[in-house]
Engineer: 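Quick one: the structure is below, questions incoming.
Index from 1, following the sequence.
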Amino acid sequence: MMTRDKAEKGERLAAEVRRQFGAEAMTRFLRTLPAFRAEADIPNRFRELLDHLDRMESKSLGGGRR
């Protein structure tokens with residue numbers, strides 16, 4: 001069983017990780033990594049799905065892939 005202090009520490013850590021992953025600097029960094037970038041020659045169907053995902057993210061988060 002977790003003590004209250006451990007639970008609070010875990011919650012603070014989780015909040016900090018979420019904050020850092022949501023930071024613009026992290027977003028810019030991740031965009032430079034090949035695993036987080038779509039290939040230019042992907043099939044149209046996949047490009048359409050990615051564009052649809054971007055639109056949905058933009059509506060809910062105010063962002064999207066650039």
Side-chain angles (χ1 to χ4, degrees):
M1 179 181 263
M2 228 189 236
T3 65
R4 183 179 303 176
D5 289 339
K6 282 187 178 181
E8 289 173 1
K9 185 176 181 181
E11 290 171 9
R12 286 193 311 267
L13 177 61
E16 179 64 18
V17 169
R18 281 192 301 272
R19 184 190 68 77
Q20 288 185 17
F21 270 102
E24 183 63 27
M26 179 64 77
T27 302
R28 283 192 308 271
F29 170 71
L30 292 174
R31 284 191 187 121
T32 67
L33 300 175
F36 294 95
R37 194 173 342 147
E39 294 293 325
D41 61 345
I42 63 172
N44 287 336
R45 176 67 180 139
F46 294 130
R47 175 68 59 196
E48 291 169 6
L49 290 170
L50 288 171
D51 291 342
H52 179 71
L53 178 61
D54 283 345
R55 287 190 301 275
M56 295 298 106
E57 287 177 340
S58 293
K59 288 179 183 179
S60 65
L61 301 174
R65 189 171 34 92
R66 296 171 198 194

Engineer: From D54 CG over to R47 CZ, what is the distance, rounded to the nearest 0.5 angstrom?
Structural biologist: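 Reported value, rounded in 0.5 Å steps: 9.0 Å.
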
Engineer: How long is the gap from CZ on R45 to CG on L50, to the nearest 0.5 Å?
Structural biologist: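 If I round to the nearest 0.5 Å, the distance is 10.5 Å.
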
Engineer: What pair of heavy atoms forms the shortest contact from R31 to E24, and how long is it?
Structural biologist: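 Smallest heavy-atom distance, with atoms named: NH1-OE2, 4.1 Å.
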
Engineer: Roughly how far apart are K59 NZ and R55 CZ, rounded to 0.5 Å?
Structural biologist: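 Taking NZ in K59 and CZ in R55, the distance rounds to 8.0 Å.
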
Engineer: Rounded to the nearest 0.5 Å, how far does CZ of R19 lie from CZ of R12?
Structural biologist: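 Answer for the CZ-CZ pair, R12 versus R19, is 14.0 Å.
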
Engineer: Say you draw a straight line from CG of L53 to CG of D51; how long is it, rounded to the nearest 0.5 Å?
Structural biologist: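 It comes to 9.5 Å.
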
Engineer: Start with the C-alpha gap between K9 and D5, add the side-chain angles, then the distance that decides, and say whether side chain to side chain contact (heavy atoms under 4.5 Å, CB included) holds.
Structural biologist: CA-CA 6 Å; K9 185 176 181 181; D5 289 339; over 6 Å; no

